[in-house]
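Below you'll find the structure, written out as structure tokens, and then a few comments.
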Protein chains: 2
Amino acid sequence: MPQKITPIGQATAESRKAQLDRIIATNVARQLTAQDLVLNSMREAILTAALPPGTRLRQEKLAELFGTSRIPVREALRALEYEGLVTSMPRRGFTVTELDADDIEEVYDLRVLLESHAVRLAVPLITDEDLQILEGLYARMVKAPSGDEQLAAREGFYSRLYTITGRPRLVAQISRLRQEIARSLRWPTLQHAPEHHERFFEAIKAGDAEGAAALLASHYRRVAILIRRYLRDASAKDRVTMATADAITDHPTRRRQAK
Amino acid sequence: MPQKITPIGQATAESRKAQLDRIIATNVARQLTAQDLVLNSMREAILTAALPPGTRLRQEKLAELFGTSRIPVREALRALEYEGLVTSMPRRGFTVTELDADDIEEVYDLRVLLESHAVRLAVPLITDEDLQILEGLYARMVKAPSGDEQLAAREGFYSRLYTITGRPRLVAQISRLRQEIARSLRWPTLQHAPEHHERFFEAIKAGDAEGAAALLASHYRRVAILIRRYLRDASAKDRVTMATADAITDHPTRRRQAK
DNA sequence: CGCGGCTAGATTGTATGCAAGAACTGAGAG
DNA sequence: CTCTCAGTTCTTGCATACAATCTAGCCGCG
């Protein structure tokens, strides 16, 4: 059975708890339905690893945390399950999804397939107006500091590009896959490869769909390998993070169901 | 704005209601959680068009119909939304998803992409045991009468084949797309093309992944065109079905949100 | 006669509470 | 020392009830 690892290196339970509170606070500010509040906060918390993989999510505790009843929590968890961020084991509740090397491989393989397809569809359809918008988004991406803003800017640029295809399912599926492994993208190994994005955008502007698709594929294959290597190296010193014993942030008994 | 049409030709409101009751009765028989009862029944009802596209789904009425409270109904609807079978507009409730020609095109385009990929991955991995199972499923598919059993048998054969890839996301995504357009597959135009499946299976058995993928792609392109043609022809005499005014089966005000 | 605001009804969103069932704990037998 | 089994605790699943919001119809005004 493959090892599951937590992507967080040195983060302490306290810093995670503080981060979680901050996320909730900013989301409470906006006037949303309770359900969306929970959904947005949980999503952000999971993606920033304030809730690390394997965390068991108890409805009661979450409801208390958000100041709501369990109903909106249940529905938000259900939604997150379909986004792939949490996993429900029947009668054992919800846990934050853990990814192993096989999952990484599958996700990147699908990303290559779908994003190449999207690029091939999009490039011939790009209008001057699209190009202007993409230029703006690209500039923002270049300027953005590393970290979360980098990720957000990249997401903005690429999803705008894919939207040009006019295929909502394709776009949704791509961003869902992207989100599934967004946690891995915060690892130190992977800090930003600006030259890749630059060459990619050049190909796009040149109308070279095949070239762009090829660049994208080779980039993703490389990233996938880096992540897998990191996973392997990290799995040894993994167990430390399991000691966190906050009411929300604790881990379930380490058991995986066979599928 | 593209016209949305209902795939049902001459079905009356009464026959649909009867069908719906039958579905519910058979599902009540099995001992399920209320939520699964609602989920299964609704899914079947939508896929068999007992609940035609555009039907507005009122939680209260559905709860009464199933003899439960609104909570399990809500959760089942939410699940169906992620399966693509129903659409929710915030504060305006749920409706059965309507598909237009563009949707059909996108779904089939994605199916070609994903299923070809799955075939290419699966074929080199097929073991003797797999082949034996596939033979059995294929035989059942050949024997199955047209209609729902045909569809189920086909689903069984193909999803078993794709499962060989060992890629849960790929398999799930394929069956989700399949389900989205399952309603269209019941139209009279599309009654079964056994020769396609036979040639496909021959290619699989011969280990010819590329050939199988090509067959699959050309078949789907053909089906997509047939469906689109049917859509166009049917859209004229569509409006009749909108007159149905059952409490469950009525349509919402014909308005689509721009995206 | 058409249009816009307003009230009443309908419908969704959420909270509380209870019951059924699973998972854990610990004691006792082998 | 291990395995089994019952009691306890925890968690989920569901029903009822209330609040917030939207929709539709009506009335008054232009």
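Reckoned from all heavy atoms, side chains included, excluding hydrogens, waters and symmetry mates.
Counting only residues at least two apart or in different chains, salt bridge (Lys or Arg N to Asp or Glu O under 4.0 Å) contacts with residues 78-88 of chain A comprise A:R43-A:E83. Within the structure, ring-ring contact (aromatic ring centres under 6.0 Å, His included) pairs that include any residue of residues 69-104 of chain B comprise A:Y82-B:Y82 (at least two apart or interchain).
Using a 4.0 Å cut-off between a side-chain N of Lys or Arg and a carboxylate O of Asp or Glu, B:R140 and B:E149 do not qualify as a salt bridge.
Listed by chain and number, the residues in a side-chain hydrogen bond (donor to acceptor under 3.5 Å, both in side chains) with A:E64 amount to none (sequence neighbours excluded). By the side-chain hydrogen bond (donor to acceptor under 3.5 Å, both in side chains) test, B:R169 is found to be paired with A:D103, A:E106, A:E180, residues two or more places apart in sequence or in another chain being considered. Residues meeting the side-chain contact (heavy atoms from CB on, under 4.5 Å) test with B:S175, sequence neighbours left out: B:E155. B:Q173 is linked by a side-chain hydrogen bond (donor to acceptor under 3.5 Å, both in side chains) to nothing, counting only residues two or more places apart in sequence or in another chain. Remark: A:E75 pairs with A:Q35, B:R74 by the side-chain hydrogen bond (donor to acceptor under 3.5 Å, both in side chains) rule, at least two apart or across chains.
Residue A:Q35 places at least one side-chain N or O under 4.0 Å from the OP1 or OP2 atom of C:dT14.
Distance, A:I71 CD1 to D:dA20 C1': 16 Å, rounded to whole Å. Taking atom CE of B:M89 as the reference point, atom P of D:dT21 lies 19 Å away to the nearest angstrom. Look at CD on A:E75: it is 8 Å from C1' on C:dG13, rounded to the nearest Å.
Terminal axes of the helix from C:dC1-D:dG30 to C:dG30-D:dC1 (five pairs each, C1' rotation axis) are separated by 20°, to the nearest 10°.
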Polar-atom pairs under 3.5 Å, protein N or O versus N or O of nucleotides 6-12 of chain C: list them with distances, or write none.
from, atom 1, to, atom 2, distance (Å)
C:dT11, OP1, B:R58, NE, 2.9

